[in-house]
Number of protein chains: 2
Amino acid sequence: MIEEYYSKGCQYCSGLSSSIFKSLSSEQYDLLNRKQTCNTYKKGDILYREGSRITGFYCVKSGKFKIYKTGIDYKPQIIAFARTGDITGYRSVLSNEPACTTLEALEDSEVCFIPGEVIFKLIRENPDFSLAIIKLTCKELDHANVFIKDIAQKTVKERLAEILLMLEEYFALDSDDFININLTREDIASIIGTATESVIRILGDLKNERLIELKGKKIKILDKKKIKLIAESILK
Amino acid sequence: MIEEYYSKGCQYCSGLSSSIFKSLSSEQYDLLNRKQTCNTYKKGDILYREGSRITGFYCVKSGKFKIYKTGIDYKPQIIAFARTGDITGYRSVLSNEPACTTLEALEDSEVCFIPGEVIFKLIRENPDFSLAIIKLTCKELDHANVFIKDIAQKTVKERLAEILLMLEEYFALDSDDFININLTREDIASIIGTATESVIRILGDLKNERLIELKGKKIKILDKKKIKLIAESILK
DNA sequence: CGGAACTTTGACACGTCTCAAATGCCGTGG
DNA sequence: CCACGGCATTTGAGACGTGTCAAAGTTCCG
């Protein structure tokens with residue numbers, strides 16, 4: 001009975017202490033569980049597209065996603081990633097505007113959908129929830145600003161080094177100590193704003209310098225200290 | 001009496017319908033007026049510095065500001081501007097972290113300071129106020145993401161064209177139809193992430209193409225349509 | 001097994017940065 | 001009020017990083 005009750009919902013959306021939902025009262029928590037619905041998606045599936053209307057939050061139960069904007073000649077610019085426990089789509093819902101990014105699954109995934117009206121109700125009822133959302137957006141805003149500075153001032157190699165560190169931090173390691181994410185060279189290029197060939201060449205350089213190891217799409221950081229120095233523009 | 005009462009406060013912080021304070025009740029409005037204090041600053045003054053602690057919001061009563069992060073070799077990266085009616089510093093207060101940017105006056109200015117505790121009180125009491133802040137941060141976040149895409153994918157000339165349009169939109173025109181802001185070539189370079197000399201050369205090109213007019217630091221857009229096409233990567 | 005997508009390599013062109021030097025502008029102090 | 005010093009602007013030459021294009025090799029997946 002309890003099993004069935006919770007099967008609609010998602011523990012990451014409501015239960016984790018790290019989540020923005022941690023301040024909810026038990027009634028609010030129940031409301032959330034009742035109103036949310038889960039779906040599964042396959043690699044390559046697009047949950048929503050830039051410019052479309054979205055009506056609620058998406059909470060990642062499992063899987064990984066890339067979040068991107070579309071630029072000149074449909075060239076994608078990856079703005080962020082999402083992993084288990086992350087929330088996306090809130091910006092557009094909260095400001096009642098069309099989605100400003102596209103959300104695409106990087107692997108098979110499960111995602112909960114939380115209707116916008118639930119969110120607005122929670123904001124009205126629970127100031128701590130509002131504050132949690134405010135903090136979340138402020139944090140993302142700072143990340144975005146740091147990235148603007150980096151992309152404007154650093155070389156491609158420095159940016160690549162930085163992104164490798166970010167990916168390791170964000171997606172952690174698999175059982176062989178490789179960064180636990182599969183991205184194409186093109187994906188990586190579209191994070192740091194460069195050409196696919198440049199990514200390939202610089203990854204090759206880093207490999208020759210014995211700072212990283214490559215196995216297909218998998219990347220392992222061998223010398224984190226030096227990678228950091230490169231990312232900080234201290235070592236060339 | 002009334003004059004004196006309001007002289008502490010600032011009509012832009014509390015009275016304008018466009019402000020985030022428009023949803024305040026009359027008591028909340030009074031609280032805001034009682035607790036805020038105004039100061040004057042001179043061109044070049046720094047109100048707060050990246051990394052320092054700030055304890056409240058800054059609301060611009062008059063004047064103009066640049067908001068920047070400091071990068072490699074102390075090279076500044078301008079993230080945003082502030083003008084009359086704008087609020088800054090809220091990110092750091094709301095997330096209780098050190099300031100992530102520096103705020104510097106571009107001309108003599110007046111600024112109101114609103115203590116953080118007032119803000120938090122308003123958030124607790126007034127969900128509409130929370131929602132206004134959330135919308136504000138979401139909007140800024142989207143701007144930041146658009147700019148990441150642009151800086152990553154566009155050429156210097158395209159970015160410069162885009163920034164000229166942004167500056168005209170944001171600072172409007174003076175009596176001679178020039179954009180109403182004085183920025184050094186270096187400032188402009190540090191918005192779009194390029195070298196000062198590149199800005200000078202490309203401004204010169206645009207002038208020769210009769211798309212803009214230059215008079216010292218002042219810039220006038222002569223052919224907005226073509227500038228837009230350049231900014232959109234349609235015209236080279 | 002075949003085809004499509006992805007990766008790799010090379011050659012080359014071009015945009016942009018760097019450095020250097022000259023000139024112009026402006027506020028400060030004599 | 002003028003002269004000075006410092007800062008901003010401008011211009012040129014050259015180097016370098018990165019993007020582009022083309023072609024071949026590889027991996028992935030139906």
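Proteins get letters first, then strands, A, B, ... in listed order; numbering begins at 1 in each. Small disclaimer: the values here were computed from a predicted structure and weren't measured.
Put simply, CD on B/Glu186 is 11 Å from C1' on D/dT9, counting in whole angstrom units. The distance from atom CG of B/Asp205 to atom P of C/dC14 is 16 Å, rounded to the nearest whole Å. In this entry the distance linking NZ of B/Lys215 with P of C/dC26 reads 12 Å, nearest Å. With rounding to whole Å, B/Lys218 atom NZ is found 17 Å from C/dC26 atom C1'. Put simply, NZ on A/Lys207 is 14 Å from C1' on C/dT9, counting in whole angstrom units. Following rounding to the nearest Å, A/Asn208 (CG) and C/dT8 (C1') show an atom-to-atom distance of 13 Å. A/Ile219 has its CD1 atom 16 Å from the P atom of C/dC6, to the nearest Å. Atom CG in B/Asn182 sits about 10 Å away from atom P in C/dC26, given to the nearest Å.
Outside the 6.0 Å centre-distance limit, the rings of A/Tyr41 and A/Phe65 are not counted as a close aromatic pair.
Residues that satisfy the salt bridge (charged side-chain N to carboxylate O under 4.0 Å, His left out) test with A/Lys224, not counting sequence neighbours, are A/Glu168.
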Worksheet entry | Intermediate values then yes/no, side-chain contact (heavy atoms from CB on, under 4.5 Å), B/Cys59 and B/Gln36 | CA-CA 10 Å; B/Cys59 174; B/Gln36 67 185 347; 5.7 Å; no
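Within the structure, side-chain hydrogen bond (donor to acceptor under 3.5 Å, both in side chains) contacts touching residues 178-197 of chain B (residues at least two apart or in different chains) are B/Lys66-B/Asp187, B/Thr184-B/Asp187.
Here B/Lys217 reaches the OP1 or OP2 of D/dT9: one of its side-chain N or O atoms lies under 4.0 Å away.
No side-chain donor-acceptor contact under 3.5 Å links A/Ser92 and A/Tyr48.
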Response to the item:
Under a 4.0 Å heavy-atom criterion, the protein footprint on nucleotides 10-27 of chain D, written with B, S and -, is BBBB----SSBBB-----
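Checking side-chain atoms of B/Gln77 against main-chain N and O of A/Ile148 turns up no donor-acceptor pair under 3.5 Å.
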